[in-house]
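Read the numbers this way: they start at 1 and go in the same order the structure lists the ligands and their atoms.
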Amino acid sequence: MELVGRMLDGSIAYGDRQRLEPVPSAASIRQDEKMDRLENVPLFEACTRRQLRALAQIADCFDAPTGTVLIRAGEPGEEFFLIVEGTARVHVSARKRLRLRPGDFFGEMSLIDGEPRSATVVAETPLRLLVISRKNFSALFEKVPDMSRTLLTTLSRRVRQAERALDLSRRA
Ligand code: CMP
């Protein structure tokens, strides 16, 4: 299980600022603030107010210092991440890195296909994240089928970027 998952189920301690681990947000985000953030994310634009409220309840807020490895390529994936504040780097290949910004999400691929994580994702700045577990993500997906359109668009864009990166590294 991944870092955040192990923190959520209590099998590892958190809160030690010396370690590069996400910690539950100290400035706990109010439910209505979570909803404001969530309703401005394109992925969730098809959600009703009721679904957004449910989403705000199931999404856990975490802070991660710069340098935190949130996802490691090749490991099994258990969570979906949405950036509330800060930026993260996706290490698509040895030569290609992409920046994700507030409103962007990551970690969806392993939750969709059950395969290991496709890339490593690292906090480029201090990050505030909303984290949704695999189980809740699947339930949400079933309740809001329109989410699949945005997910597919994002996935297609990511495949193209990955192929371009592969192409460039083959030519180098
Ligand atoms: P997942 O494979 O679960 O874990 C790594 C994540 O990095 C992946 O989901 C995507 O969210 C993200 N990712 C992988 N490849 C790209 C890419 N080419 N562009 C942007 N994000 C990516």
Side-chain angles (χ1 to χ4, degrees), residues 1-9 11-12 20-22 34 37-38 40-47 55 58-142 144-172:
M1 196 191 287
E2 280 177 312
L3 186 62
V4 176
R6 282 181 283 129
M7 288 163 56
L8 287 172
D9 78 3
S11 59
I12 61 168
L20 289 184
E21 287 171 1
K34 264 196 209 172
R37 305 277 190 166
L38 291 166
N40 288 316
V41 175
L43 178 62
F44 302 128
E45 65 191 9
C47 291
L55 188 53
I58 59 173
D60 292 293
C61 189
F62 279 87
D63 287 336
T66 305
T68 304
V69 179
L70 296 148
I71 283 182
R72 209 177 283 278
E75 290 188 351
E78 291 301 326
E79 290 102 16
F80 169 89
F81 299 81
L82 175 74
I83 300 181
V84 176
E85 284 168 27
T87 60
R89 282 275 191 185
V90 184
H91 296 237
V92 178
S93 70
R95 294 161 59 97
K96 176 100 177 163
R97 278 152 207 210
L98 293 169
R99 179 170 290 135
L100 299 179
R101 298 181 163 77
D104 288 338
F105 57 84
F106 57 94
E108 77 290 354
M109 290 168 66
S110 284
L111 298 200
I112 290 169
D113 65 11
E115 294 288 318
R117 295 299 198 187
S118 60
T120 294
V121 184
V122 182
E124 186 180 40
T125 66
L127 277 180
R128 179 156 295 170
L129 300 158
L130 289 178
V131 182
I132 301 175
S133 69
R134 170 187 288 281
K135 188 168 130 256
N136 285 330
F137 183 75
S138 305
L140 180 70
F141 219 123
E142 271 166 34
V144 192
D146 284 357
M147 259 177 64
S148 56
R149 186 193 300 269
T150 318
L151 266 177
L152 279 174
T153 309
T154 306
L155 281 171
S156 307
R157 212 176 58 224
R158 290 180 175 175
V159 168
R160 286 180 202 279
Q161 281 167 340
E163 298 220 315
R164 270 201 299 274
L166 202 64
D167 236 26
L168 285 175
S169 65
R170 277 203 196 109
R171 273 189 238 153

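Taking each of Ala162, Gly77, Gly107 in turn, the one with a heavy atom nearest to atom 6 (C) of ligand 1 proves to be Gly107.
Protein heavy atom nearest atom 14 (C) of ligand 1, with residue, atom name and distance: Ser118 OG, 3.4 Å. Of the protein's heavy atoms, Arg158 O, 3.2 Å lies nearest to atom 18 (N) of ligand 1. At the shortest separation from atom 11 (O) of ligand 1 among protein heavy atoms lies Glu108 OE1, 2.6 Å. In terms of protein heavy-atom proximity, atom 13 (N) of ligand 1 is nearest to Val90 CG1, 3.7 Å.
Applying the side chain to side chain contact (heavy atoms under 4.5 Å, CB included) rule to Glu45 yields the partners Pro42; only residues at least two apart in sequence or on another chain are considered.
Using a 4.0 Å cut-off between heavy atoms, Val159 makes no contact with ligand 1 at all.
Using a 4.0 Å cut-off between charged nitrogen and carboxylate oxygen, Glu78 and Lys135 do not count as a salt-bridge pair.
Atoms of ligand 1 lying under 4.0 Å from at least one heavy atom of Phe106, given by number and element, are 11 (O). Residue Leu98 approaches ligand 1 through these ligand atoms, each under 4.0 Å from one of its heavy atoms: 17 (C), 18 (N), 19 (N), 20 (C).
When all heavy atoms of Glu79 and Arg117 are compared, the pair lying nearest together is O-NH2, 2.7 Å.
For the ring-ring contact (aromatic ring centres under 6.0 Å, His included) condition, the pairs that include at least one residue of residues 92-119, sequence neighbours left out, are Phe80-Phe105, Phe81-Phe106.
At distances below 3.5 Å, not a single donor-acceptor pair connects side-chain atoms of Arg97 with backbone N or O atoms of Val92.
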